[in-house]
Amino acid sequence: MIPTLRTALLLCAIFGGTLAHYGGPFLLWGVNDLKDVEVSALEGMDDKFLRDLYSNSAAVVLFLRNGTTRLSDDTFPGFRRILEKHEFAYSPQHELLSNPLDYNVNAEIINLVGSPAQQDVELSALYRDSVANYGERKVLGILANRWDDSYTHAYYHGLHKREAKDDATSTTPAGPTDEPEIDDALYNVPGKALIYVTSAPVLTINSTDDEYVLSKHTVATYDARERESKMIVIFKVEDTNKLTLRFRFEMDSGYWSMPKVDVFLIDTKSKDGKTIDTTLEIDRDVPYAPIGSSYSCSKQLVFRNGSTVLTLENIQVQPAMEGSTQFGSAWDCIGFTTAAIWSGIFVTSIMGIGLSLAICAILDIKPPNRFESRTGKQLSFTVQE
């Protein structure tokens, strides 16, 4: 059963104050997908539902509050008015298995500080700003409880994953999600975008120090915008590290292009939460095609930023598929005039010139117009030196 607004606020206040670190319970609001959602009191929200919720929202705003601050009508009146206008759901789970930052490029984290009145004003104002930017009922808001100071840095780089228990009877592996690993180089968001490469992409960082062969990915999502869209693909590297590629598509005058790829890497082995967040640009020949068509290239595509290089082999790609599940007609990067065609034209031209000279030489021959006969006078020719 869906809790009432007053009950949800009260439960967040009671259970939130008992947690010593960042976690639940969680209050989610703002999008129509939350209507009539039933949440299990023991298991919380279904993780697949959460991932779809993140992906389908235009933006996600996750607010962290002090878990000791009690939520009430008096202390958070602005927040209450927001909830009264939107669908919302309460989940008692202790943590989110899926990180919103991995599924929505417009996800942001806001740490609420100050008195309850200040937190209420900040939460209400920032959420309304997001709604003004992305549209009514398109912004997912999440209210959670803040980590203590020792976890603050780790939080800003991603949600904390469940630690493995020492209990020998535990068989559940630690990990941020239960998503299956897909061992291929086909990245598909059905009806929205499709990328295929014949071999796994290779990411090289600092020349040859770190090289990642991206052979396994977990999930692909697509963020559609009028002028620029992004396809986000998450990879598992070295068992623990998580790497995200964001293929950026620009739309202009009926054509799309893919000039850049964003790379975001979280090194989970690093104690300080080392990350790599950079944008790579293609070296030459930006992939492009009319909207509704795909781009195909058998040559190697290289995206580069300093010593960080992403290499793609024999790619075919298409964004903005508008419901189609197959590639449209392909625009090839090689074009019509290949090297073989130019060689054929050159050899044919040489042969044509030789044939023309031979024909001209034959036409220049002038035979005599009189011939000798037995009855006629013998012909004589005067030769002058």
Which atom pairs, donor and acceptor, lie under 3.5 Å between side-chain atoms of residues 284-297 and protein residues at least two apart or in another chain?
unit_1, atom_1, unit_2, atom_2, d
S293, OG, S329, OG, 3.4
S294, OG, Q316, NE2, 3.0
S294, OG, G328, O, 3.1

Revision key, fill the gap. Across all chains, not counting sequence neighbours, the side-chain hydrogen bond (donor to acceptor under 3.5 Å, both in side chains) partners of N104 are none

Exercise for review: Tell me, please, which residues at least two apart from K230 pass side-chain hydrogen bond (donor to acceptor under 3.5 Å, both in side chains).
Suggested key: E228

Review point. Do you reckon L312 sits in the same ILVMFWY cluster as W331, going by side-chain contacts under 4.5 Å, direct or chained?
Key: no

Review point. Of all residues at least two apart in sequence or in a different chain, which pass the side-chain hydrogen bond (donor to acceptor under 3.5 Å, both in side chains) check with N305?
Key: T278

Study note, to complete from the structure: Only residue of L245, T308, I282, L203 satisfying side chain to side chain contact (heavy atoms under 4.5 Å, CB included) with F303 is I282

Point to revise | Joint cluster assignment, L143 & F76, ILVMFWY side-chain distance < 4.5 Å | key: yes

Check your understanding: Which pair of non-hydrogen atoms, one from A220 and one from M231, has the smallest distance, and what is that distance?
Key -> CB-CE, 4.2 Å

Exercise for review: Please lay out, stage by stage, how Y187 and F235 fare under the test ring pair (Phe, Tyr, Trp, His ring centres under 6.0 Å).
Suggested key: CA-CA 11 Å; Y187 316 125; F235 298 87; 5.6 Å; yes

Revision key, fill the gap. Residue set satisfying side-chain contact (heavy atoms from CB on, under 4.5 Å) with K216, at least two apart, ordered chain then number -> E181, D183

Review point. Partners of D33 by salt bridge (charged side-chain N to carboxylate O under 4.0 Å, His left out), sequence neighbours excluded?
Key: none

**Study point:** side chain to side chain contact (heavy atoms under 4.5 Å, CB included) between I82 and S124, intermediate numbers included
**Key:** CA-CA 7 Å; I82 290 176; S124 303; 4.0 Å; yes

Revision key, fill the gap. Grouping ILVMFWY residues whenever side-chain heavy atoms fall under 4.5 Å, the cluster of V121 otherwise contains none

Review point. Quick one: salt bridge (charged side-chain N to carboxylate O under 4.0 Å, His left out) partners of D120, sequence neighbours excluded?
Key: none

Check your understanding: Any idea which heavy atoms bring V197 and E313 closest together, and the distance?
Key -> CB-O, 3.5 Å

Practice item. Taking the side chain as every heavy atom from C-beta outward, state whether I315 and Y196 have any atom pair closer than 4.5 Å. Key: no

Review point. Does D102 use its side chain to pair, donor to acceptor, with the backbone of S98 at less than 3.5 Å?
Key: no

Revision key, fill the gap. Rounded to the nearest 0.5 angstrom, the CG-CE distance for L194 and M321 is 5.0 Å

Check your understanding: For R304, what residues pass the side-chain hydrogen bond (donor to acceptor under 3.5 Å, both in side chains) criterion, not counting sequence neighbours?
Key -> D283

Point to revise | Test item: D262 and R248 side chains (from C-beta on) under 4.5 Å apart, heavy atoms | key: yes

Check your understanding: Does the side chain of V61 reach to within under 4.5 Å of the side chain of V139, using non-hydrogen atoms?
Key -> yes

Exercise for review: For D52, enumerate each residue passing the side-chain contact (heavy atoms from CB on, under 4.5 Å) test, keeping only those at least two apart in sequence or located in another chain.
Suggested key: K48, N56

Exercise for review: List for me each residue that meets side-chain contact (heavy atoms from CB on, under 4.5 Å) alongside D184, sequence neighbours excluded, and say none if there are none.
Suggested key: I182, L186, H217

Point to revise | Pair Y90 + W29: ring centers closer than 6.0 Å | key: no

Check your understanding: Do L280 and K260 come close enough that some side-chain heavy atom pair is under 4.5 Å?
Key -> no

Practice item. Report whether V233 and L243 are members of the same hydrophobic cluster (ILVMFWY, side-chain heavy atoms less than 4.5 Å apart, transitive linking). Key: yes

Point to revise | Close side-chain approach of P259 to E250, heavy-atom, < 4.5 Å | key: yes

Practice item. Please name all residues satisfying side-chain contact (heavy atoms from CB on, under 4.5 Å) with Q326, sequence neighbours left out, ordered by chain then number. Key: none

Exercise for review: Check whether any side-chain heavy atom of L112 sits under 4.5 Å from a side-chain heavy atom of L64, and report yes or no.
Suggested key: no

